[in-house]
Amino acid sequence: MSQIMQLQLGQLTTNTSGTKYLPVSSGDGPAVHQTEWLRILWHPNAFNDPEARRLNICFELRDETAQFFRDVETALLPLLADRTQQDSAILGKLTGGHFMSCLKETRRGMRFLKAKLNWDRIRFWDAEGSAVEEPGDLTGRLARARIELRQIWCMPPQCGLTLVVTDLQLEEAAAPTC
């Protein structure tokens with residue numbers, strides 16, 4: 001198992017749409033992971049909503065990153081199962097099939113990591129660590145991401161880990177647009 005922080009689940013909260021959340025933290029604060037350089041597969045988008053500010057971002061996986069997030073999910077499952085036994089309102093009876101992984105695969109076999117970002121809050125940096133105001137199109141660009149393991153969402157019969165990208169360090173400049 002790769003080295004992961006000690007993870008803890010917070011108190012159950014429910015939003016107005018009925019989705020339940022269990023905040024994830026490490027022993028000393030937010031659970032945060034800094035990735036290696038990963039290729040951003042597509043410019044962040046929200047399906048069918050061009051005005052959305054909370055968007056999906058997908059990174060091509062490397063073995064180390066895939067292993068880290070597999071280990072995180074493996075560590076979270078017993079915590080979630082224990083919490084579910086204490087409070088069946090969370091998800092009812094939990095089985096492994098209910099957990100939706102943040103590690104995905106396209107129909108063509110490309111593996112990727114799916115996360116969220118808030119376009120109004122994310123910070124962009126260049127390779128030297130200087131702030132970038134307008135990053136341009138992110139498609140195909142290499143980036144190191146600071147990812148918060150924010151919460152486990154529970155919407156019966158499924159649940160999963162929400163990852164939020166708070167910072168992106170971009171290795172290369174955006175291609176000029178015509």
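Quantities reported herein were computed from a predicted structural model and do not represent experimental measurements.
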Enter the distance from [X]:[atom1] to [Y]:[atom2] here, rounded to the nearest 0.5 Å.
X	Y	atom1	atom2	answer
Leu163	Lys114	CG	NZ	10.5 Å
Glu171	Arg39	CD	CZ	8.5 Å
Met100	Leu161	CE	CG	12.5 Å
Leu170	Arg141	CG	CZ	4.5 Å
Ile152	Thr162	CD1	OG1	9.0 Å
Leu77	Asp82	CG	CG	12.5 Å

State plainly whether one hydrophobic cluster holds both [X] and [Y], where clusters connect Ile, Leu, Val, Met, Phe, Trp and Tyr through side-chain heavy atoms under 4.5 angstrom apart.
X	Y	answer
Leu103	Leu76	yes
Leu41	Phe69	no
Trp153	Val164	no
Leu142	Ile147	no
Phe59	Leu55	yes

Arg53, CZ atom: more than 12 neighbouring heavy atoms under 6.0 Å: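 More than 12 within 6.0 Å, yes.
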If you count the non-hydrogen atoms of other residues, nucleotides and ligands that lie under 6.0 Å from CD in Gln11, is the total more than 12?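 Not more than 12 within 6.0 Å, no.
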Heavy-atom closest contact ([X] atom, [Y] atom, distance):
X	Y	value
Leu7	Leu79	O-CD1, 3.4 Å
Pro30	Ser26	O-OG, 3.4 Å
His43	Leu138	ND1-N, 3.0 Å
Ser101	Lys104	O-NZ, 2.8 Å
Thr65	Leu61	CG2-CD2, 3.9 Å

Side chain of [X], backbone of [Y]: donor and acceptor closer than 3.5 Å?
X	Y	value
Gln169	Ala127	yes
Arg54	Asn118	no
Thr35	Ala145	yes

Determine, step by step, whether Trp119 and Phe124 satisfy the ring pair (Phe, Tyr, Trp, His ring centres under 6.0 Å) criterion, reporting the C-alpha distance in whole Å, the side-chain angles of both residues, the deciding distance to 0.1 Å, and the verdict. CA-CA 10 Å; Trp119 204 256; Phe124 293 98; 5.5 Å; yes
Stepwise side-chain contact (heavy atoms from CB on, under 4.5 Å) check, Val165 with Lys116: CA-CA 6 Å; Val165 177; Lys116 299 279 186 189; over 6 Å; no
Got a salt bridge between Asp63 and Arg111, using NZ or NE/NH1/NH2 to carboxylate O under 4.0 Å?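 Here Asp63 pairs with Arg111 in a salt bridge, since their nearest N and O are under 4.0 Å apart.
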Any Lys/Arg nitrogen of Arg62 or Glu64 sitting under 4.0 Å from an Asp/Glu carboxylate oxygen of the other?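 No, this pair does not count.
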Using 30° and 60° as the class limits, which term best fits the ring planes of His33 and Phe68: parallel, tilted or perpendicular?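 Ring orientation of His33 relative to Phe68: parallel.
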Hey, are the side chains of Val72 and Val24 touching, using non-hydrogen atoms and a 4.5 Å cut-off?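 No, side chains not in contact.
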Would you sort out whether Thr166 and Val32 count as a side-chain contact (heavy atoms from CB on, under 4.5 Å), showing the intermediate values? CA-CA 10 Å; Thr166 61; Val32 175; over 6 Å; no
Audit row: Phe112, Glu60, side-chain contact (heavy atoms from CB on, under 4.5 Å) steps and yes/no: CA-CA 5 Å; Phe112 62 95; Glu60 186 174 38; 5.7 Å; no
